[in-house]
Protein chains: 2
Amino acid sequence: MLDLPASGKKSRSEFIAEQLEEAVIKGAIPAGSRFDETSIAAQFGVSRTPVREALHILCGRGLAEREPYKGVVVTQISAQRIDEMFEAMAELEATCGRLSSHRMTMSERAALESMHREMNALAEEGDCVGYNEINTRFHDLLFQGSRNSDLIAAAQTLRLKLAPFRKYQLKDKGRLKRSCNEHQQIVDAILDQSPKAAENALRRHLVSAAQEVLLKRQRQEDEVAKATVLDKV
Amino acid sequence: MLDLPASGKKSRSEFIAEQLEEAVIKGAIPAGSRFDETSIAAQFGVSRTPVREALHILCGRGLAEREPYKGVVVTQISAQRIDEMFEAMAELEATCGRLSSHRMTMSERAALESMHREMNALAEEGDCVGYNEINTRFHDLLFQGSRNSDLIAAAQTLRLKLAPFRKYQLKDKGRLKRSCNEHQQIVDAILDQSPKAAENALRRHLVSAAQEVLLKRQRQEDEVAKATVLDKV
DNA sequence: TTTGACTAAATTATATACAAGCCCCGGTAT
DNA sequence: ATACCGGGGCTTGTATATAATTTAGTCAAA
């Protein structure tokens, strides 16, 4: 039984929703598996009511799907869907970048460059965890720079849905350095206030991120398949 | 007490969510007003439970917001936010149009053109209701043509949020005809498979839609303000 | 052996009961 | 007169009980 919020502002439903969301994003709850209301309620030491409300929230965010009298399952996503999601993400980020290139404040531009320098250092050290953290803030700043809450919201929604697959990415030093090079193009475009260059740089960056994820995922699935066959023999 | 679904597939929560959504979109429930769980439950002749679930769904779609122990209120949207929403919508539609220009099938292109011709006729007659209906399908087809479910989802989410303001638009024959002219540019671009032209045409179309909505809204608010002042005197 | 209907168990959906937090309103003191 | 501070009422949040629906499993008949 997990701890409930000491006496936080949030209701239990929201707390549970956050916990479940994190579990889905981290891959702790595999895609396609069903949420059992009773057992989740037991885990958190609450009744089924707040659990149900939490599941509604997850569905709203597209992380799970609900079918009447059948339950809520973690959204299953095919390779083709991942491809689509990256394409959409690329377009959204490209749009944000284009707008950011001439809307960001001086201090935002400076922050972007400073994060980039920091990521360069982390890439050199091969610190994937640190890199990922700054990377998230880097991209988030690009969204914010667009000065459009609806674009930001759309981008973040999609980013959330892609989160479970991010684990396949940015895990080796080689990829980190390539990512840095791509970021260099983005930073340059923003500093130059060049919308077209920013748009292009972000599209390219997302293309290579997509490739990375899809290849790694494919490789892992192949291994699983091979292992399964071996088991049967 | 309203009728519940005869014996439909949907659960009561979903049914209620749809009804409330429609009410919000039509403006029957003004922005900023609070949903009273008890009275809504009474109206539909159900308990509070499905009403609460419906409200969660509304919140998920961004039509309402929840604050713990205070209730759920219809999302309040300022003129500036409307402006942002139209900007985001313009970028999303432009992106969809760009992709559609070279991804649509022949029959989709034909359908687009045929809808356009039909709208031309309706504009001539001044049939606003008919025009609006086809117009929705016209834009929806443009989304679908992008072949990207995430872009489609993002576009439709935003479209839903903009829906309450659509009532300020496409109400006089003049605007209908201008809209038609803009559609002509879009259709031409799609038929020519010209991504850049499609993108531009859609941005322009959305700019003028935004202007229409914002102007009409401003005018109406001014009238309300004037009336209020007169009341006080 | 397979198909089909039917029953029972499990799970979700809804209703109802209870607890907790917010808000207004009046009282009191400065 | 005004600012501060409980208390009561109302609304939301949570728990539990009941109804509706699906699914799995059994047994009979083709």
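These numbers come from a predicted model, not from an experiment. Proteins come first, then strands; the chains are lettered A, B, ... in the order of their sequence lines, and each starts at number 1.
- Contact annotation: A/Arg34 reaches the phosphate of C/dT12 (side-chain N/O to OP1 or OP2, under 4.0 Å).
- Listed by first then second residue, pairs satisfying ring-ring contact (aromatic ring centres under 6.0 Å, His included) with a partner in residues 55-100 of chain A number zero, not counting sequence neighbours.
- Note that the CG atom of B/Leu63 and the CD1 atom of B/Ile25 stand 6.0 Å from one another [nearest 0.5 Å].
- One interatomic measurement links the two molecules: CZ of A/Arg12 to P of C/dA20, which rounds to 9 Å at whole-angstrom precision.
- Between the side chain of B/Ser11 and the base of C/dA13 there is no donor-acceptor pair of N/O atoms closer than 3.5 Å.
- Using a 4.0 Å cut-off, no side-chain N or O of B/Arg52 falls inside it from OP1 or OP2 of D/dT12.
- Contact annotation: A/Lys70 side-chain N/O to D/dT23 OP1/OP2 distance is under 4.0 Å.
- Between the C1' atom of D/dT11 and the CD1 atom of B/Ile40 lies a distance of 13 Å, rounded to the nearest Å.
- Side-chain nitrogen and oxygen atoms of B/Arg48 include none within less than 4.0 Å of the OP1 or OP2 phosphate oxygen of D/dG13.
- Taking 4.5 Å as the limit, some side-chain heavy atom of B/Glu84 sits within range of a side-chain heavy atom of B/Gln80.
- Within the nucleic acid shown, A/Thr38 has no heavy atom closer than 4.0 Å to any nucleic acid atom.
- Ion pair B/Glu108/B/Arg147 flagged as a salt bridge, since at least one NZ, NE, NH1 or NH2 atom sits closer than 4.0 Å to an Asp/Glu carboxylate oxygen.
- One atom, OH of B/Tyr69, and another, C1' of C/dC18, lie 12 Å apart when rounded to the nearest Å.
- Put simply, CD on B/Glu37 is 16 Å from P on D/dC10, counting in whole angstrom units.
- Rounded to an integer number of Å, the gap from CG of B/Asp36 to P of C/dC23 is 15 Å.
- Residues A/His139 and A/His183 are in side-chain contact: their nearest non-hydrogen atoms beyond the backbone lie under 4.5 Å apart.
- Protein atom CD of B/Glu53 is 12 Å distant from nucleotide atom P of C/dT12, rounded to whole Å.
- The side chain of B/Thr49 contributes no N or O atom lying less than 4.0 Å from OP1 or OP2 of C/dT16.
- As rounded to whole Å, 16 Å separates atom P of D/dT11 from atom CZ of B/Arg66.
- No salt bridge links B/Arg66 with A/Glu14; every basic N to acidic carboxylate O contact stays at or beyond 4.0 Å.
- When distances are taken from the side chain of A/Pro68 to each of C/dC23, C/dA13, D/dA15, the shortest belongs to C/dA13.
- Ranking C/dT12, D/dA15, C/dC22 by closeness to the A/Pro50 side chain, first place goes to D/dA15.
- Remark on the helix from C/dT1-D/dA30 to C/dT30-D/dA1: inter-end axis angle 10°, axes from five-pair C1' superpositions, rounded to 10°.
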Distance-only donor-acceptor hits, side chain of residues 152-167 of chain A, under 3.5 Å, sequence neighbours excluded:
unit_1: A/Gln156; atom_1: NE2; unit_2: A/Asp140; atom_2: OD1; d: 2.8
unit_1: A/Thr157; atom_1: OG1; unit_2: A/Ala153; atom_2: O; d: 2.9

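- Distance B/His56 NE2 to D/dT12 C1': 11 Å, rounded to the nearest Å.
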